[in-house]
Trainee: 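I have a structure here, written as structure tokens, and I will follow up with some questions on it.
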Amino acid sequence: MDMRTETTEILIIGAGPAGSVAAGLLRQQGREVLILEKEQFPRFSIGESLLPQSMEYIEAAGMLQAVVQAGFQYKNGAAFACGDRRTQFDFRQKFSKGWGTTYQVQRADFDKVLADEAARMGATVRFRHEVLSVDVEGDQPVVTVRSPEGETYLVQARFLLDASGFARILPRLLQLESPSGFPARGAIFTHVADRVAPGSAAFDRNKILITVHPEHQDVWYWTIPFSNGRCSLGVVAETGFLAQYEGTETERLKAIVGEDPGLSQLLADAEWDTPARQIVGYSANVKSLWGKNYALLGNAGEFLDPVFSSGVTIAFKSASLASACLAREFAGDTVDWEADYGKPLRAGVDTFRCFVEAWYAGGFQKIIFHPNPSPDIREMICSILAGYAWDKSNPYVAENKRRLAVLEQLCSA
């Protein structure tokens, strides 16, 4: 018996931020869009502190009003702590033009808002439909799908976008994965009722707090406040460091948080009401971000590290670039996907990568905590922390490695 075959113009695997924003942008072009999502939304995800650059893409996709009205925690910057040292960056005081504020979001709610908006704009969104296999050898990609009822069917599309996030459907099925170049790190995380007094000088709820471990510069904690008196709390370290701690994930996270006096004091009254979880070896890379009638969006392509909250911004940027390429392709132009998608996307990813590597090596921490920073340079650094990693007018984007190396030397002197 032959399997039933459906056709669509654009098939998107995954209804997370990359997939939903791509769908919104493509629906504005009048494209027929089908999204297949393995999970049922709302579902838990991390990556909860957005960057201001991401707002541009939410706005372009026609989803800004829904996000603003959802009541998420306003965010205007990032605070850093290491022992007695404290500093903060206000994203409104940045070098690059564009948004200077954003939100800190429970991703279960945020991702559902975006997916609902994609559906409102006319995309077909199917939850609990799992992609089993992909064939990209023919004239058009063909995907084998299993429905929640257990029916197997085929979808043939003119173009396929993989927005499957950490599931990395196409990289796995098409053997596109390559080593990330980062050491194997892991994260243990949870949500807590933080019980920090409103208006506490120790905790600005409008900023993510990044705390460096008092003895290990390559171990750090995130504390992301939400609008409902809760926060996301996590620690990131190499897997060998995390393996030293025994017990449940919650017990391990509590033990590591207990090693930082400032964080312990801040969360002294917190209610740990949600079992902690762990993910390890999340950094990922691919040989190519595109292929014959397909492209990889967001984390399906590359994921660096959570330290500067760049994941969702990269996801949105990939959706924006891919949608622009598809607009030209459907208009009959010949698109060079490497020149117009792969290279420009990687340029910003590589800027983030440069700063992530310098963070773990310790040099970028010296810059961040320097007691007498140059205001102009600080604004340029602030732009990158705000997500503007594609702004070539910023010297710390255009010549990131050289500029950062010189600045590290100056701050070490």
Side-chain angles (χ1 to χ4, degrees), residues 1-27 31-43 45 111-112 114-116 118-119 121-178 282 284-303 315 318-319 322-323 325-326 329-330 335 337 341-342:
M1 185 174 135
D2 287 341
M3 262 189 279
R4 151 175 97 78
T5 303
E6 295 184 23
T7 59
T8 186
E9 286 185 320
I10 314 285
L11 174 60
I12 300 176
I13 304 173
S20 292
V21 163
L25 293 167
L26 290 162
R27 283 299 300 145
R31 301 274 67 87
E32 180 188 22
V33 178
L34 169 62
I35 303 179
L36 300 175
E37 168 57 54
K38 184 181 167 187
E39 306 285 339
Q40 179 64 54
F41 281 19
R43 57 86 183 94
S45 179
D111 292 10
K112 186 169 189 309
L114 297 186
D116 287 350
M121 294 172 76
T124 301
V125 185
R126 291 183 192 156
F127 295 105
R128 295 177 57 218
H129 284 249
E130 183 178 5
V131 171
L132 302 176
S133 64
V134 176
D135 182 356
V136 293
E137 297 302 316
D139 290 341
Q140 294 190 347
V142 178
V143 172
T144 308
V145 188
R146 183 166 55 216
S147 75
E149 296 73 35
E151 182 205 3
T152 306
Y153 64 99
L154 303 176
V155 180
Q156 180 176 332
R158 283 180 63 179
F159 205 91
L160 176 61
L161 293 174
D162 183 358
S164 61
F166 290 124
R168 301 170 63 74
I169 300 288
L170 286 188
R172 281 193 301 103
L173 294 176
L174 304 180
Q175 279 76 54
L176 300 173
E177 295 184 300
S178 70
Y282 45 70
N285 205 338
V286 285
K287 296 174 188 133
S288 176
L289 291 165
W290 61 276
K292 184 182 173 186
N293 296 321
Y294 71 81
L296 310 178
L297 304 185
N299 294 351
E302 299 205 30
F303 184 73
S318 68
S323 305
C325 287
L326 286 168
E329 200 153 283
F330 276 89
V335 175
W337 277 82
Y341 179 73

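This structure is a prediction, so every number in the text was calculated from the model and none was measured.
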Trainee: Enter the distance from Phe159:CZ to Ile12:CD1 here, rounded to the nearest 0.5 Å.
Mentor: 11.0 Å

Trainee: Measure the CH2-SG distance between Trp337 and Cys325 for me, rounded to the nearest 0.5 Å.
Mentor: 4.5 Å

Trainee: Looking at every non-hydrogen atom in both residues, tell me the closest pair between Ile35 and Ala118 and how far apart they are.
Mentor: CD1-CB, 4.3 Å

Trainee: Before you tell me yes or no, could you show the steps for Thr8 and Thr124 under side chain to side chain contact (heavy atoms under 4.5 Å, CB included), namely the whole-Å CA-CA distance, both residues' side-chain angles and the distance that decides it to 0.1 Å?
Mentor: CA-CA 10 Å; Thr8 186; Thr124 301; over 6 Å; no

Trainee: Determine whether His129 and Pro148 make a side-chain contact, defined as any pair of heavy atoms from C-beta on separated by less than 4.5 Å.
Mentor: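 When only atoms from C-beta onward are counted, Pro148 and His129 do touch, with a gap below 4.5 Å.
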
Trainee: Tell me, with the steps shown, if Leu170 and Val286 meet side chain to side chain contact (heavy atoms under 4.5 Å, CB included).
Mentor: CA-CA 10 Å; Leu170 286 188; Val286 285; over 6 Å; no

Trainee: If you measure from CD1 on Ile169 to CG on Leu174, what distance do you get to the nearest 0.5 Å?
Mentor: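 The CG atom of Leu174 is 10.5 Å from CD1 of Ile169, to the nearest 0.5 Å.
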
Trainee: Output, in order, the C-alpha distance, side-chain angles, deciding distance and verdict of side chain to side chain contact (heavy atoms under 4.5 Å, CB included) for Trp290 and Val335.
Mentor: CA-CA 12 Å; Trp290 61 276; Val335 175; over 6 Å; no

Trainee: Identify the two heavy atoms, one from Asp139 and one from Lys292, that lie closest to each other, and give their separation to 0.1 Å.
Mentor: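 In this case the closest contact between Asp139 and Lys292 is N-NZ, 4.4 Å.
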
Trainee: Let me confirm one number: the CZ-CG distance from Arg146 to Leu132, rounded to the nearest 0.5 Å.
Mentor: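 The CG atom of Leu132 is 5.0 Å from CZ of Arg146, to the nearest 0.5 Å.
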
Trainee: So Tyr294 and Asp162, side chain to side chain contact (heavy atoms under 4.5 Å, CB included) or not? Walk me through it.
Mentor: CA-CA 8 Å; Tyr294 71 81; Asp162 183 358; over 6 Å; no

Trainee: Leu296 versus Pro171: any side-chain heavy-atom pair under 4.5 Å?
Mentor: yes

Trainee: Using a 4.5 Å cut-off on heavy atoms from C-beta on, say whether the side chain of Ile13 contacts that of Leu36.
Mentor: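 A side-chain contact under 4.5 Å is absent here.
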
Trainee: Take the angle between the ring planes of Phe41 and Phe127 and call it parallel below 30°, perpendicular above 60°, tilted in between.
Mentor: tilted

Trainee: Is there a side-chain contact between Leu34 and Glu6, using heavy atoms and a 4.5 Å cut-off?
Mentor: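 Of all side-chain heavy-atom pairs linking Glu6 with Leu34, at least one is under 4.5 Å.
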
Trainee: Does the side chain of Lys38 reach to within under 4.5 Å of the side chain of Val131, using non-hydrogen atoms?
Mentor: no

Trainee: Should the pair Arg4-Glu151 be classified as a salt bridge under the 4.0 Å nitrogen-to-oxygen rule?
Mentor: yes

